[in-house]
Structures are given as C-alpha cells and as structure tokens.
*Asks:* 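What follows is a single structure, and I will ask about it in a moment.
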Protein chains: 2
Amino acid sequence: MNKSEVPDEVINRLYIYARCLEGFREEGKKSFSSDDIADRLNIKSTLVRKDFSYIGTMGKRGVGYDTEEVLKEVNQIAFPIKERKVALIGVGKLGSALLNFYGFKTQGFKIALAFDKDRRKIGSEIRGIKIDDINNFKKRVKKEGIKIAIIAVPSEEVVNVIKEIKNSCIEAVLNFTPSYLSSLNNCSNDFIIRNIDLSSELARLSYYLSEKESTKRN
Amino acid sequence: MNKSEVPDEVINRLYIYARCLEGFREEGKKSFSSDDIADRLNIKSTLVRKDFSYIGTMGKRGVGYDTEEVLKEVNQIAFPIKERKVALIGVGKLGSALLNFYGFKTQGFKIALAFDKDRRKIGSEIRGIKIDDINNFKKRVKKEGIKIAIIAVPSEEVVNVIKEIKNSCIEAVLNFTPSYLSSLNNCSNDFIIRNIDLSSELARLSYYLSEKESTKRN
DNA sequence: GTAGATTTGTTATTATAATCACAAAGTGAG
DNA sequence: CTCACTTTGTGATTATAATAACAAATCTAC
C-alpha cells in the first residue's frame with residue numbers, strides 16, 4: 001500500500017495507537033481485539049479496524065491482533081527513519097528542557113546542534129551539545145545534513161529565525177513560538193510545519209471547562 | 001449564538017486566528033479582509049468567513065473586518081475566563097520550563113501550585129511557587145479551587161498521578177507524558193484532556209519528510 | 001448618481017471522515 | 001461435526017467539514 005494513500009487523520013492516530021500498543025506490551029498483553037484498543041482510547045472499534053486496514057495490518061477473525069506484529073508494522077510507518085538529527089534554535093528555559101528531554105532519544109531523534117543569539121550562552125555546553133551562534137546556522141546545518149529544526153525562541157525573535165531557516169536546507173519545523181507559522185509564512189519552498197502553542201493548549205482546556213460549567217448552570 | 005453550536009474545528013482555529021490578529025495589531029493593520037488572513041494562514045478565505053459567521057463576527061461588505069473588534073470577539077470566546085489557576089505535577093526539566101514559561105501568564109494562566117514526589121525538590125521554590133508533596137495534591141488543589149492540572153512526570157509515574165487526579169476535583173488535564181490519556185483512562189467522570197506528545201510531534205514531521213523524500217525519488 | 005471594483009455572508013455542492021451493518025473466518029464445547 | 005460465540009474486514013450509509021458560487025452591501029471615481 002502506498003503511504004500517501006493513508007489519510008492524515010489515520011497517520012495522526014498511528015502515534016496514539018503506538019503508545020497504546022506499547023502499553024499492551026508492558027502489561028504482557030500478547031494479543032488484543034479492536035475493542036480493547038477502542039475502549040482504552042474512547043473511540044469506536046470500527047475506526048480502529050478501518051485504520052488498521054489502511055496500513056495493511058492483518059488480524060485474525062475471531063481472535064484479534066498480535067501485539068508485537070501490529071506494533072512493528074505501526075512503527076515502521078510512523079517512525080520510518082531510525083535516526084534523525086535535529087537542530088534546536090533557542091536555548092532558553094524551554095529549549096534547555098527539550099535538549100534534556102529523554103523522550104526524543106528513545107524515539108530515535110537527536111538534537112545534534114543548538115543555536116542561540118545570546119553571547120553568554122554561545123560556547124557553553126548542555127548534554128554534550130555546544131551552543132553555537134545562530135549566525136552559523138546555515139553552514140553547520142548543511143554540514144550535518146539536518147532537515148528538521150525546532151524553534152524555541154521568544155516570539156519577538158521569530159521573524160529573524162524564519163529568515164535564517166528560509167535561507168537554509170531545513171525542510172521541516174517544529175515551532176514552539178506562539179506565532180502560527182504556515183508554510184513558513186508563504187515562502188516559495190513548501191515547508192512541513194507543526195505548531196505547538198502551549199498557552200493555546202491550556203486555553204482550549206479552559207474553553208471546554210467554561211462550556212461545561214455554563215451548561216451545568218443552565 | 002450558543003457556543004456549543006460552534007464546531008470544534010472552528011474553535012481550534014480560533015486560537016490560530018487570535019495569533020494572526022495579534023500580528024495584524026502589532027503591524028498597525030487596523031482592518032483586514034478574509035483574504036488577508038487566508039493568505040497568511042494558507043487557508044481559503046471562505047473558511048475564514050464561515051468560521052467568523054459561527055462566532056457572530058461581522059465584517060463590512062466591500063470593506064473587511066476591524067482588527068480590534070474581531071480580536072476582542074475572538075478572545076471573548078477563546079479565552080472566556082480572565083484568570084485561571086493551574087496545578088503542575090512534576091517539576092523536572094520540562095516542568096520547570098513550564099513554571100518559568102512567560103506565555104501562560106500573558107494568556108491569563110497562573111501555575112499556582114506545583115507538586116513532585118522527589119524529597120529533594122519538595123520545599124524548594126521556583127518563581128515564588130513552593131514545590132509541594134504530591135501526597136498533598138487533593139487537599140491543596142481543593143482549597144485553591146483549581147480544576148486544571150498539567151502532567152509533566154516521567155511516563156512510569158503517570159499511573160500514580162492518574163489515581164491522584166481521579167481522586168481530586170480536577171476536571172481538565174494537559175498531559176505531556178508520552179502516554180495517551182483518554183478521559184483519564186475510562187473513569188466514570190468525564191475529563192477534558194489534551195495530550196502533547198513531543199516526540200510524536202517530531203515523528204510526524206519526520207514522517208512527512210520521508211514521504212516527501214520518497215516521492216522525490218520516484 | 002451610476003458603473004465598476006471589492007468584499008462579505010450564506011446557500012448549495014463537493015469532499016472527507018466516521019459509523020453502521022453484516023458476511024466471512026476463526027474458536028471452542030459437546 | 002455442528003452450533004453458538006467472537007472478531008475481523010469492508011461496502012453502504014450517514015455525518016461532518018471544506019469549497020465553490022453568487023447575491024447583497026459598500027466603496028471610489030467621475
């Protein structure tokens with residue numbers, strides 16, 4: 001099956017399935033039914049089966065799915081590359097936390113380069129990564145063949161960072177700045193972008209909470 | 001218009017619109033057309049207009065929308081409560097970064113309580129917040145009337161944290177643990193949950209990158 | 001005031017995603 | 001072997017979301 005025929009929504013759920021299956025594995029659950037997953041994730045079992053059918057996963061009728069087999073297949077699609085180097089831009093509080101974040105490593109990602117514009121930070125080292133001057137970004141990223149950048153700078157810096165990235169061989173961006181980047185704000189190259197807006201995430205929670213509170217009152 | 005009639009997809013975009021409008025404001029752009037937003041966000045202008053119609057925003061035909069007016073209206077819906085206190089569970093690298101994160105404050109969120117199980121951390125202070133023993137969670141959260149919790153513990157701790165939360169007056173959860181929580185894993189109360197899985201986010205980028213790379217080759 | 005250019009607001013249409021419904025395949029007890 | 005029970009896989013159906021199409025409103029220039 002051609003990957004690109006798999007709908008994005010299904011791809012998104014793949015990562016959720018992966019976590020769930022890892023859970024099954026830890027619990028020693030060797031096999032599972034679509035209902036097992038569905039119950040745990042609060043979705044319909046038909047959705048699980050249909051998703052699995054997209055990625056070609058095969059269960060046994062009357063029996064279910066083999067945990068290891070499906071996990072392997074899901075991982076093959078969701079994590080197609082074993083090792084991927086990444087560049088971090090902005091080594092403030094959030095940036096440092098990301099540098100120290102163990103979860104990236106376990107999923108095969110390595111922050112190989114870290115950049116900042118602050119003279120006091122440049123040259124210092126975190127977890128064996130020497131923080132480099134953002135002015136060297138293009139050169140160093142090219143040399144390492146890095147295509148993914150994480151932006152974790154204050155929002156007022158994002159404009160400069162975008163310039164730097166446009167000018168480099170970066171093709172995908174994980175943006176923690178509270179400015180929504182879309183295709184790196186309409187440059188000709190097409191970038192792959194994911195925006196993580198932490199305060200908006202809290203706000204969304206708060207929104208649904210308020211909604212719940214108001215319906216309770218009425 | 002009743003809030004609950006606004007589709008979730010529209011609500012999600014509200015936060016994106018808000019960022020965009022803040023951008024307009026900073027640029028001194030007093031008014032804008034649906035095309036202005038659409039171009040910047042790489043979406044269709046009809047979608048913008050339709051979304052705005054849901055929230056009752058009114059533009060002027062032949063003219064456009066007033067930046068301040070729309071921003072006010074969007075914010076009223078997207079950020080219905082001016083001040084919301086939040087509890088943080090897990091003051092490791094990520095937790096500390098969140099405690100220091102300025103963006104929460106500007107959006108009206110305050111991490112009022114922070115908890116950990118590590119004896120060495122309990123009692124110490126970050127940004128004026130004294131780190132408390134997780135065993136006091138229920139009591140303290142109730143006293144402060146907090147309904148939102150942020151989980152930033154290592155994944156092996158999440159089971160215990162869930163127990164603690166179920167047992168408390170928490171109603172909404174922002175989960176940074178790489179375990180997908182759905183309705184706090186099927187307890188009777190219905191929780192509002194948003195999962196932020198940082199390594200999955202990177203993995204998603206990597207997926208689309210690989211896809212791009214492979215189509216380029218073919 | 002009118003014509004031509006803009007731009008909104010909304011209905012109709014199309015596209016996409018989720019769910020249902022059920023046949024097909026497998027299991028296990030007797 | 002047969003019957004009752006599970007559970008998958010998928011075509012048909014329904015629900016939801018995005019886009020297109022266009023009338024209605026406003027603006028500008030003359």
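Below, chains carry the letters A, B, ... as their sequence lines are ordered, and counting in each starts from 1.
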*Asks:* Looking only at side-chain atoms of Lys44(B), point me to the closest of dA17(D), dT26(D), dT19(D).
*Replies:* dT19(D)
*Asks:* Decide, yes or no, whether a salt bridge links Glu164(A) with Lys138(A) under the criterion of side-chain N to carboxylate O below 4.0 Å.
*Replies:* no
*Asks:* Which residue, Arg13(A) or Asp35(B), contacts DNA chain C at a nucleotide closer to its 5' end, judged by nearest heavy atom?
*Replies:* Asp35(B)
*Asks:* Are Arg49(B) and dA18(D) close enough that a side-chain N or O sits under 4.0 Å from OP1 or OP2?
*Replies:* no
*Asks:* Indicate, with a heavy-atom threshold strictly under 4.0 Å, whether Ser34(A) touches base, sugar-phosphate, or nothing.
*Replies:* sugar-phosphate
*Asks:* Would you mind telling me which residue lines up with the more 5' stretch of DNA chain C, Gly62(A) or Leu47(A), judged by nearest nucleotide?
*Replies:* Leu47(A)
*Asks:* From the list dG9(C), dA18(D), dT8(D), which nucleotide is the closest neighbour of the side chain of Lys50(B)?
*Replies:* dA18(D)
*Asks:* Using distance alone, with no hydrogens and no angle criterion, decide if Arg25(A) and Thr67(A) have a side-chain donor and acceptor under 3.5 Å apart.
*Replies:* no
*Asks:* Mind calculating the distance between CG (Asn12(A)) and P (dA17(C)) to the nearest angstrom?
*Replies:* 10 Å
*Asks:* Which nucleotide sits closest to the side chain of Arg61(A): dT10(D), dT10(C), dA25(C)?
*Replies:* dA25(C)
*Asks:* Which whole-number value in Å describes the distance from Asp66(B) CG to dC27(D) P?
*Replies:* 13 Å
*Asks:* So that I can tick it off, tell me whether Asp66(A) and Lys60(A) are bridged by a salt bridge, with the cut-off set at under 4.0 angstrom between side-chain N and carboxylate O.
*Replies:* no
*Asks:* Where the side chain of Ser33(A) is concerned, which of dT27(C), dT7(D), dG9(D) is the nearest nucleotide?
*Replies:* dT7(D)
*Asks:* With the side chain counted from C-beta on, respond yes when Lys110(A) and Ile129(A) share a heavy-atom pair under 4.5 Å apart, and no when they do not.
*Replies:* yes
*Asks:* Figure out the CG/C1' separation between Asp39(A) and dT6(D), and round it to whole Å.
*Replies:* 15 Å
*Asks:* Base, sugar-phosphate, or nothing: which does Thr46(A) touch, judged by heavy atoms less than 4.0 Å apart?
*Replies:* base
*Asks:* Nearest whole Å is fine: how far is dA17(C) P from Asp8(B) CG?
*Replies:* 17 Å
*Asks:* Before accepting this row, confirm whether a basic side-chain N of the pair Glu213(B)/Arg84(A) lies closer than 4.0 Å to the acidic partner's carboxylate O.
*Replies:* yes
*Asks:* Expressed as a whole number of angstroms, how long is the span from Ile37(A):CD1 to dT7(D):P?
*Replies:* 14 Å
*Asks:* Whole angstrom is fine here: how far is it from CD in Glu5(A) over to C1' in dT16(C)?
*Replies:* 16 Å
*Asks:* Using whole Å, report how far CE of Met58(B) lies from P of dA25(D).
*Replies:* 12 Å
*Asks:* Compare the minimum distances between each of dG9(C), dT26(D), dT7(D) and the side chain of Lys60(B), then state the nucleotide with the smallest one.
*Replies:* dT26(D)
*Asks:* Taking OH from Tyr54(B) and P from dT8(C), how many angstroms apart are they, rounded to a whole number?
*Replies:* 18 Å
*Asks:* Are any of Tyr65(A)'s side-chain N or O atoms less than 4.0 Å away from OP1 or OP2 of dT6(D)?
*Replies:* no
